[in-house]
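Notes to accompany the following structure.
Side chains included, hydrogens not; waters and symmetry mates left out as well; all remaining heavy atoms used. Lettering of chains follows the sequences in order, A, B, ..., and the numbering in each one begins at 1. Values in this document were obtained by computation on a predicted structure and should not be read as measured data.
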Number of protein chains: 2
Amino acid sequence: MQQKKEITIYDIAEKLKLSATTVSRGLKDHPAISKKTKKRINDTAAEMGYRFNTFASNLRSKRTNTIGVIIPKMNSSFMSAVLAGMEKVANEASYNLIISQSLESAEKEAVNVKTMFNNRVDGLMVSVAYDTVGVSQFELLIEKGIPLLFFDRTLDHPQCTSIVIDNHKSGYLATQHLIEQGCKNIIHITGNLARNVYADRQRGYESALRDSGIEVKPENTFITVLDEQAGIDAAQKILKMKSLPDGVFVDNDNCAVNCMANLMNEGIKIPEDIAFIGFNNDPISRVIRPALSTINYPGFEMGEIAAHKLITHLNGKQSINSTNSIILRSELIARDSSRKIK
Amino acid sequence: MQQKKEITIYDIAEKLKLSATTVSRGLKDHPAISKKTKKRINDTAAEMGYRFNTFASNLRSKRTNTIGVIIPKMNSSFMSAVLAGMEKVANEASYNLIISQSLESAEKEAVNVKTMFNNRVDGLMVSVAYDTVGVSQFELLIEKGIPLLFFDRTLDHPQCTSIVIDNHKSGYLATQHLIEQGCKNIIHITGNLARNVYADRQRGYESALRDSGIEVKPENTFITVLDEQAGIDAAQKILKMKSLPDGVFVDNDNCAVNCMANLMNEGIKIPEDIAFIGFNNDPISRVIRPALSTINYPGFEMGEIAAHKLITHLNGKQSINSTNSIILRSELIARDSSRKIK
DNA sequence: AATAATTATGCAACCGGTTGCATAATTATG
DNA sequence: CATAATTATGCAACCGGTTGCATAATTATT
């Protein structure tokens, strides 16, 4: 395992009878170095098998070209789309991404923030865990002037930009759509209402009901973790209700689909007995039968925009504080699971 | 944006009238430092707001505690499961993950390898792009003694470990299952046969046919990119065949589901007319109706094992060359899409 | 040809932990 | 109490690019 000696700019300098300074600049395409010298330097570097030492560079220049990302879980269709978008933009701008998962634990999230901090990421993008409370774990970044950006599940902080969709409007549209289809007794299956995404959708749901003169019943809102099991549990709960609902709005397609499948197994007809609408426009929503109505959530685009925003700021082109939040367009996609009216 | 001055071990040393050496060792829990001094050092560090400088450390110690991952695409259910598994293990072992996507392009893959190389990752885990040819782009890593591990889509290299499932057996099992259900004219929708995963499954498919005395027809193997569109295209192609197949084995659930849905729209009955089996055990396979039979591909586990294997090697516990390949268990999951016999 | 302006290159300190070797401080042994 | 054996701490060089400032080389101007 004895590594061959690494070639440094000093080795190149010596061979070319130049200074390390000139070699460093030549490799960086610095304007003060002549074309001829640059070519000599680059050729020799290639020939000698030189490789740039990021650490020496980072150490001196105090920049890492690395962006941290902390998300609850990698393996969801939505989140991997976001990551893919971020990676694409970051890669094109020569930034590296360090990604870690909080696994929905605020505690693990705090540890990850610390790690990112020690790794001196130039900036951090976060979608917070299910049970995160307060912003204190992020203060040390802000004090050091490290830009912090929230996306999807955000926290409110005057110095941070948030990238979100209009969750209130989305919740409103989804509910209104069910009402238009004739639903009068609508369940909302949602998550922790301390999280902006769920709270906003719940408010949208309530507004839509009120605007149509339908009573808002607290027992019609199910707080769950929105995973597959939660969908199954919700189905059981619905089956036990004295009067069956005629519409269900679920904040996650995957959860919705599992709930729906369970109800169908018990002989419930979708959408005739119960109309369904999900959230995210997950691929699963398109292939299930009946196809699941949903709210389109542009994950890939959100990732691109978040990364782009952060990088623009890092490159000094624009302050991250100039905008406090960016709201992406999301829209209703009506499919068979909610079409009671033909 | 003027950062507050960073606290270094020298600042701590000065305050405690110690040397930087002692502080460095104290923070690292070095055995030669007394308990008392360690406590003083750690307390002062915390109090002064010291943060460890990874770059200075990396520069000197020539280790990065960073592992690179290059995959074709992040946003597939299988791949995000793999990544989640890797991240979990890496995080627990205090390694960072740098992830980048080749987006199925060999060219972009080569660039990413170079970037990882320059970033001096301690090791690299790769699932190669659709059209990657040869191993030359990885040679520079191997020459420098940087361990390289392939998973899922592998390349053959004497110095690299591969983590795979038994694709031959899986292809055999899938095909055999269809035959047992009475299928005699089976299509295999697969990918680039230069990739081990697809070539092996194709061999398994052919072996199963032969073992049952069924003729292997080249035109029954569709080479595609296995995405949603490919599923739709395959459905069209099937509908135009002179004699319809009675079974279809698709190397990807998502593609399978789209193909199936398209055929059903045209009045084909699944499984009565055509039995279907997919690959991966994607969540989608469970919720679609009829539920899609598939091969369970333990992505999360594969990620965990790959990361664990690499890290064990990096920590000097075990040479990566001691095993040349690790084969994970995969199994057939029979569901309604293939059950012709009740 | 002399001077100014421009372009190209180099010096040397710096970034902040790490480590082999030497030395000092403390404890154990005879 | 002297000497050996441990244990604890420090010195100084090192890792390899980067950068402000100075100087050298070349070209333009009068």
Side-chain angles (χ1 to χ4, degrees), chain A residues 2-42 44-45 48-66 94 115 117-120 122 144, chain B residues 2-42 44-45 48-66 94 115 117-120 122 144:
Chain A
Q2 26 95 346
Q3 322 268 56
K4 272 165 233 155
K5 193 194 167 298
E6 292 278 348
I7 304 296
T8 72
I9 53 171
Y10 298 97
D11 300 321
I12 300 176
E14 193 178 14
K15 185 154 187 176
L16 293 177
K17 305 274 176 243
L18 286 171
S19 72
T21 307
T22 304
V23 174
S24 172
R25 290 186 177 136
L27 291 168
K28 276 269 149 67
D29 207 24
H30 190 285
I33 306 297
S34 71
K35 280 238 171 66
K36 220 189 312 169
T37 312
K38 269 180 198 162
K39 175 143 176 47
R40 289 208 305 146
I41 292 172
N42 278 303
T44 310
M48 295 177 78
Y50 167 78
R51 72 167 165 164
F52 183 76
N53 189 321
T54 317
F55 307 118
S57 171
N58 286 346
L59 174 58
R60 181 61 222 247
S61 59
K62 302 190 164 186
R63 254 183 143 244
T64 68
N65 277 293
T66 298
S94 324
T115 307
F117 183 66
N118 283 337
N119 274 291
R120 283 173 164 65
D122 288 339
K144 277 266 164 35
Chain B
Q2 26 91 344
Q3 322 267 54
K4 272 165 232 154
K5 194 193 165 301
E6 290 278 349
I7 304 296
T8 72
I9 53 171
Y10 297 97
D11 299 322
I12 299 176
E14 193 178 15
K15 185 154 187 175
L16 292 176
K17 305 272 175 246
L18 285 172
S19 72
T21 306
T22 304
V23 174
S24 172
R25 290 187 177 135
L27 292 168
K28 277 270 151 64
D29 206 26
H30 190 284
I33 307 296
S34 70
K35 278 238 171 65
K36 220 189 311 169
T37 312
K38 270 180 198 163
K39 176 145 176 41
R40 289 209 305 146
I41 292 172
N42 279 303
T44 311
M48 295 177 79
Y50 166 76
R51 71 168 164 163
F52 182 75
N53 189 321
T54 317
F55 306 119
S57 171
N58 285 346
L59 174 59
R60 182 60 222 246
S61 59
K62 304 192 164 183
R63 257 185 141 241
T64 68
N65 278 293
T66 298
S94 326
T115 307
F117 183 65
N118 282 338
N119 274 291
R120 283 172 166 64
D122 289 340
K144 278 266 164 31

Atom-pair distance ([atom1] on [X]; [atom2] on [N]), nearest Å:
| X | N | atom1 | atom2 | result |
| --- | --- | --- | --- | --- |
| A:H30 | D:dG20 | NE2 | C1' | 11 Å |
| A:R25 | C:dT9 | CZ | C1' | 8 Å |
| A:F55 | D:dG16 | CZ | P | 12 Å |
| A:K35 | C:dA8 | NZ | P | 9 Å |
| B:L18 | C:dG17 | CG | P | 15 Å |
| A:R51 | D:dC15 | CZ | P | 16 Å |
| B:K36 | D:dT7 | NZ | C1' | 12 Å |
| B:I41 | C:dT18 | CD1 | P | 13 Å |

| said: The side chain of B:R60 is closest to which nucleotide in this list: C:dT19, D:dG16, C:dT9? | reply: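 Per side-chain heavy atoms of B:R60, the pick is C:dT19.
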
Point to revise | Selection from C:dT18, C:dT9, D:dG20 that lies nearest to any side-chain heavy atom of A:T22 | key: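 Nucleotide nearest to A:T22's side chain: C:dT9.
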
Any luck finding a side-chain donor-acceptor pair between B:D122 and B:T64 under 3.5 Å?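 There is such a pair between these side chains.
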
Less than 4.5 Å apart, any side-chain heavy atom of A:N119 and any of A:T66?
->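 Of all side-chain heavy-atom pairs linking A:T66 with A:N119, none is under 4.5 Å.
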
Using Watson-Crick or G-U wobble geometry with both distances below 3.5 Å, tell me the partner of [N], or none.
| N | value |
| --- | --- |
| D:dA22 | C:dT9 |
| C:dT3 | D:dA28 |
| D:dC15 | C:dG16 |

Within the structure shown, what part of the strands sits under 4.0 Å from [X] by heavy-atom distance: base, sugar-phosphate, or nothing?
| X | answer |
| --- | --- |
| A:L27 | nothing |
| B:T37 | sugar-phosphate |
| A:K38 | nothing |

Distance below 4.0 Å between [X] side-chain N/O and [N] OP1 or OP2:
| X | N | result |
| --- | --- | --- |
| A:K62 | C:dG16 | yes |
| B:S57 | C:dG16 | no |
| B:S24 | C:dT18 | yes |
| B:T21 | C:dG17 | no |
| A:Y50 | D:dG17 | yes |
| B:S19 | D:dT9 | no |

Can you work out whether B:S34 or A:A20 has the more 5'-proximal nearest nucleotide on DNA chain D?
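Closest to the 5' end, via its nearest nucleotide, is B:S34.
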
Check your understanding: Is the charged tip of B:R120 near the ring of A:F55: under 6.0 Å from the six-membered ring centre and within 45° of its axis?
Key ->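 Negative - B:R120 is either too far from the ring of A:F55 or too far off its axis.
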
So, the side chain of B:T22 versus the backbone of B:I33: is there a donor-acceptor pair under 3.5 Å, distance only?
->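 It does not hold such a pair.
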
Query raised in the report: When you measure from the side chain of B:K38 to the backbone N and O of B:H30, does any donor-acceptor pair fall under 3.5 Å?
Result: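 Here the side-chain-to-backbone pair exists.
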
Atom CG of A:L16 and atom CD1 of A:I9: how far apart are they, to the nearest 0.5 Å?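 Output value for this atom pair is 12.0 Å.
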
